[in-house]
Colleague: 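First the structure, which I've put down as structure tokens, then a few questions once you've had a look.
Numbered from 1 within each chain, the chains take letters A, B, ... in sequence-line order.
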Amino acid sequence: MTGLSNPGAIPLQAAVLMNVERELCSAWIAGANPLSPSVEKINEHGRSALEFAMRLKAEQGWHVTALAWPPASNIEALRYALARGAERAVYLDGDGDDEPDSMAICSMLAQALANERYDLILCGSQSQAALGGLLAPLLAGRLDLPQVTRLVDGDVRDGMLVARRSLEGGLREEVVCPLPAVAAVLPGESISQYVAVHRRASVKMDSIERRPVSKPANTWILKVLTPPRKRAQAAPASAPGGSAAERMKQMLGGGKKEQAGAAVFSGPPEAAVEKIYAYLQEHGFLPTRDED
Amino acid sequence: MTYPLLKTLFTLAGLVIAGSVFCVRLQRGLLTHLRRARPMPAWNVWPRRLQGLAVYALGGRRIFRLPIIGIAHFLILWAFLCLLGSVLVSIIEGLQAFACPAACPPILNFPDWWLFVQDLLTAGALLAVLYALGLRLWVKPARYQGSQAGIALQVLLFIAVILLSLLALNGLDIAGGRSPGGLTQPFASLTARLFIDLSPFTQGILREIAFWIHLGTVLLFLAELPRGKHLHILTAFPAVFLRNLAPVGRLADAWAADGAYGVDATEHLHRKQILDIYTCTECGRCQEVCPAYATGSPLSPKRLLMDLRAGLNERSMAGGLIQEETLWACMTCLACQTACPLFIEHVPLLVDLRRRLIEDGSIEEPLQRALENATVYGNTFGRPAAERALWTQSVRPAIPDARRTDVEYLWFVGDTAAFDPNLMPLTRAAAQVFQRLGLDFGILYEGEANAGNDLRRIGEEGLFQELCERNRRALASARYRTILTSDPHTYNTLRWEYDLPAGTRVVHYTQLFVELLDTGRLKFARQIDERVTYHDACYLGRYNGIYAAPRRLLQALGCTLVEMAEHGEQGACCGAGGGRFWMSAGGGETPAQRRLGQAAALCGVTALVTACPKDYTIFREALTDAGLQGQLQVKDLMELILAALS
């Protein structure tokens, strides 16, 4: 792991984590094949991360390396990155084609990055589809680096990442973080540049480096299922004349019958916590002191 | 030093200087660019090319679409060709002056009929030049907007001076007894009357003045020829001779320079394109018919060629020399090419420039989304392939899958008809019509992908090739005799660009229905008593020449057809082609609104009928913006047919 180098002499290094996500397609149509093959597309978040890196390259001459992990279909994301303008693409060959979970990806990335120089690791806020944006925090923890999540825009000045983060309600927060760092980019602020199919197709497979990494003993995703979903229960409307606490009770209870099982506690937070604790002990949700 | 010797020396000097300037300018311009450009596509079919040269270059067939200026141009062209002999005589006269100080014997003895024709053409061309000058100076038609008015006037003045001085020369020759005059040269004889009373000495002086004006202007014109639009005098003939004889619906495959498709510099253009750029006469016929220009977009096909001519030495043509908005404004309707008297191919040139924009990723968001959807899902709507046949759910009996059952007609439905919820009733109507007619047809269900006609014209050649390959595989897995289409865009690319196995027939439903009408298989149960106008879809009309079939169907339906002023080959575009369907419209009037306005202005017309799903969609959307709801309806030909069959 290296720190920030002299920008004038050696270009700063950005590592961008890219992957492909699969979308299951189904439609029940009389006479037609109900299941068409799932489609694969470049993860939108990863594309935004790459776009941010390409902006750094255009404006400050950064050197961009794209990294991907199993399954091998993720190589398509690397071809996309090379066609978009990344200098290097590295596929972490994890001895098999199973999809690793975020912890396993972190482990593989840590192995691969151990002998690499980097100044900024960029990934999508949800680089790994279906998981809640764990990759950046886990990787930052693993590499002991500062991290910025939900980055929508930013700049690198004097060895610092000046990042604008998207907060709830459309708010923006500007944070400063020293390099090297990990940043998770959120799509939406800017549009990724279009990469022509011909450009992507003309990227040769041998231009992608294959880096063997040992398969970590973590969880590996075998398949994604679509379990049947439970239908939501209709909740009765709250009585308009009642107090706020009454209406809350009614909503939580789902009706007069269930009201006995619901409780709303009022008072200052400390007192409310005491009451909730006592309530949960009383109803057997928490052990009592005697049981401890 | 005597005058005859001076005359010879000056003539020689003039010839050398003008000839050198001509050669240097030609070399720096046209010849250099031709050398830098890549070789042009292979050309052959000599008899057809020679015929084209005679009919279109010498006969000027296309220029007569604007009759008066067409006649004027025809007279000037032929006067020029005819006067080449007189110019040659003047040059020889000047060069041999030192040898015969008094009067040289004639080198070329023209027969009387030649002198007569020459005299008529001189006078006719003079009138034509006066008309053209009047047009430029006073009438100023809109099509001349953006042309180099100064250069156009300069050319006309050059021609006028050459013709007037020739008339004076011939008149003085008649007055001096050196030419026959009379009915052989009626107009020169009239000129001779001006000089008949002058002394021989004065006549001699005036003759020398006329000689120098004539020769001097010719030489000046020669030196100026390689600059600006006058060069078309030389390039028009090879441009017409080498014109593209391939079907207009077939776009040439993309050519890659340094691994990138498209045109961004002179080296990426082929030689015929350079010739086209130099051949543009700035007549503005393309601009006059361009729907993008008519609705205030920055594109003018004429300006495009002029800008390219001025910037052939520049790099970064796509997006630099020619602005991105200009390139994206084109609807690829082919109106410009159809109007051009010299067969200049604007659309392939524009697509080549667009291909470079695509390589650079410079496209607007809705278009990018459409392209990415087509890449991932095989359709521009971004819907899973399995949903392509959702519209068939309520169609009974179920439509056979052509991949499992032998069918006579394979209906290639197309994206818009299959996915647009507003069009699904129309698509179902088409299926019902086919079923009622007892057609043995099937579809490809999720095996079909976007045909790629418009994606190719956007400039996404790689995506087109990918989709083309995917559809070819799906078509190969089906068993059918004829491909039936209801979308003109799909029809065009399947017919011309898919290189389907020999013997595969592609028809648009209007063609098929006319065949069924003729054989008596299509009979309407009732007549549609409605006064309608028909909008020619560009990819059905100009691209494939299908004008009569939809009109014949409308007639058979019992509709009263009222034509808009712009119809048939001159039909205006609705603005859906060339990828404009997915792009945001500008703030002003759209081509569809303009077209609806034309339809609404027709007396008693209640509906505008189309035979294209994209046109139908774009017209329906424009109807409200045009404020014509309640006054005019937009109908698809298929819904009229279904109503008449019911």
Colleague: Taking side chain to side chain donor-acceptor pair (under 3.5 Å) as the test, write out the residues that go with E325(B), two or more places apart.
Modeller: none
Colleague: Set out, in order, the CA-CA distance, both residues' side-chain angles and the distance that settles salt bridge (Lys or Arg N to Asp or Glu O under 4.0 Å) for E365(B) and R369(B), then state yes or no.
Modeller: CA-CA 6 Å; E365(B) 195 185 353; R369(B) 207 177 304 126; 3.4 Å; yes
Colleague: What residues of residues 447-465 of chain B sit under 4.5 Å from chain A when only non-hydrogen atoms are counted?
Modeller: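 Counting heavy atoms that sit under 4.5 Å from chain A, the residues of residues 447-465 of chain B involved are E460(B), G462(B), L463(B).
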Colleague: Applying the side-chain contact (heavy atoms from CB on, under 4.5 Å) criterion to F52(A), which one of V16(A), L120(A), V152(A) satisfies it?
Modeller: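 Looking at V16(A), L120(A), V152(A), the match for F52(A) under the side-chain contact (heavy atoms from CB on, under 4.5 Å) is L120(A).
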Colleague: Looking at R47(A), R84(A), R200(A), which has the largest count of heavy-atom pairs under 4.5 Å with chain B?
Modeller: R47(A)
Colleague: Pick out which of Y445(B), F419(B), W411(B) makes a ring-ring contact (aromatic ring centres under 6.0 Å, His included) with W391(B).
Modeller: W411(B)
Colleague: Between R165(A) and T149(A), is any side-chain donor less than 3.5 angstrom from a side-chain acceptor?
Modeller: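 Short answer, yes.
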Colleague: Do N379(B) and E387(B) pair up side chain to side chain, a donor and an acceptor below 3.5 Å, judged on atom types alone?
Modeller: no
